[in-house]
Amino acid sequence: MNGILIVAPNWIGDAVMTQPLLASLKQQFPEANIDVLASTWVAPIYRACPEVSEVIEAKFEHKQLQWGLRKQLAKELSAKKYQVCFVLPNSFKSALIPWLANIPLRIGYRGELRFGLINLSLDNPSKINRPPMVEHYLALSKLLNSELATTADNPSPKLCISATAKLSVLNKFNDVNFDPTNTYVMCPGAEYGPTKRWPISHFAELANKLVTLNPDAQIILLGGKADHELAEEICAKAHKDSKIHNWCGNTTLDEAIALIGMCKAVISNDSGLMHIAAALQTPQVAIFGSSDPAHTPPLSNKAKVLWLNLPCSPCHKKVCPLGHLNCLNDILPDQVFTTLKTLQS
Ligand code: SF4
């Protein structure tokens with residue numbers, strides 16, 4: 001085996017969960033090049049996976065077929081003579097390129113009507129007894145070579161940051177005297193919706209407490225452009241002397257990964273950045289509301305989860321059906337502050 005292509009999932013958290021599959025394949029086929037075809041959005045995750053030889057960015061528009069572009073990309077991939085492709089998303093579209101590229105073995109879940117496009121497959125797991133995502137992806141490696149496939153118990157994702165990525169971040173943020181050892185990263189966003197977002201007033205109060213405890217502490221608010229406004233509100237509510245910086249939307253994901261890997265601790269909601277912190281083994285507090293930490297926990301022994309497990313939770317709704325959002329409002333800044341002090345570095 002000398003050429004394996006992975007078609008990556010499109011969500012950051014899911015992409016992080018695929019790393020144990022890559023590690024298992026590298027262990028089984030140490031000589032093989034493992035390349036990843038990924039959207040621009042998740043490509044940085046794979047640049048932080050040491051098993052990956054090349055990350056090929058696919059610049060497709062969301063929900064567009066873009067047949068011509070897919071055919072062109074398939075032609076380029078065909079020249080690389082991959083022997084196997086793992087198609088990790090379930091969509092029909094994601095299975096087209098490996099088929100057009102004539103990759104002989106195309107492995108994945110049956111997904112959306114992909115008979116023929118995928119030629120070695122597993123049944124889609126039932127929604128009720130769905131396994132954790134790491135195991136879901138790892139199960140596919142057993143289709144290729146069950147004897148060599150990894151049998152490690154509870155494998156957890158691991159990402160690495162290159163020295164170049166660290167240096168680039170230190171240079172970029174030189175003007176704010178960025179000191180990673182005294183920096184807390186807060187991730188106030190969650191794409192899913194408000195039932196996964198800890199209140200902004202709580203984030204602001206926690207920032208004030210951290211700066212009161214340690215006057216050298218810096219707080220960096222990280223997230224995407226969509227989180228910029230709520231991060232501004234946190235800054236406005238924090239004390240004027242809190243060294244709090246709103247970098248939501250001002251960093252690339254490559255930079256965000258490096259920042260998370262270097263900082264003292266991360267405080268986040270149940271989000272993709274939470275999984276990145278876990279995979280980098282950064283001490284973290286993960287705050288859960290309407291979702292279930294048993295299904296998507298941060299897989300790290302340096303993570304502490306705060307979840308109230310109310311009778312109404314997990315409800316998995318995007319808007320609180322009871323109108324009070326107590327699952328998040330009642331997790332108080334003091335509790336997060338106390339938990340942060342117990343984290344191992
Ligand atoms: S119903 Fe309960 S778990 Fe769901 S959002 Fe409201 S408070 Fe949270």
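A quick note: this is a predicted structure, and the numbers were derived from the prediction, not measured. Atoms within each ligand, like the ligands themselves, are counted from 1 in listed order. Along the sequence shown, the residues carry numbers beginning at 1. Below, each value reflects all heavy atoms present in this structure, side chains not excepted, and no hydrogens, waters or symmetry copies.
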How many protein N, O or S atoms sit closer than 2.8 Å to atom 4 (Fe) of ligand 1? 1
No-hydrogen, no-angle side-chain donor-acceptor test under 3.5 Å, S24 and Q28: yes
The reported gap from NE2 in H136 to OG1 in T18 (rounded to nearest 0.5 angstrom) is 11.0 Å
Quick check: are there more than 12 heavy atoms from other residues, nucleotides or ligands sitting under 6.0 Å from NZ of K172? yes
Is the number of heavy atoms from other residues, nucleotides or ligands under 6.0 Å of K317 NZ greater than 12? no
Near N326, which atoms of ligand 1 are under 4.0 Å from a heavy atom of that residue? 7 (S)
Inter-residue atom distance T282.OG1 - L273.CG, 0.5 Å rounding: 11.5 Å
Once the angle between the rings of W198 and F203 is folded into 0 to 90°, is it parallel (under 30°), tilted (30 to 60°) or perpendicular (over 60°)? perpendicular
Mark up the atoms of ligand 1 that fall under 4.0 Å of a heavy atom belonging to H324, in ascending order. 7 (S)
Looking at every non-hydrogen atom in both residues, tell me the closest pair between G189 and N269 and how far apart they are. O-ND2, 3.2 Å
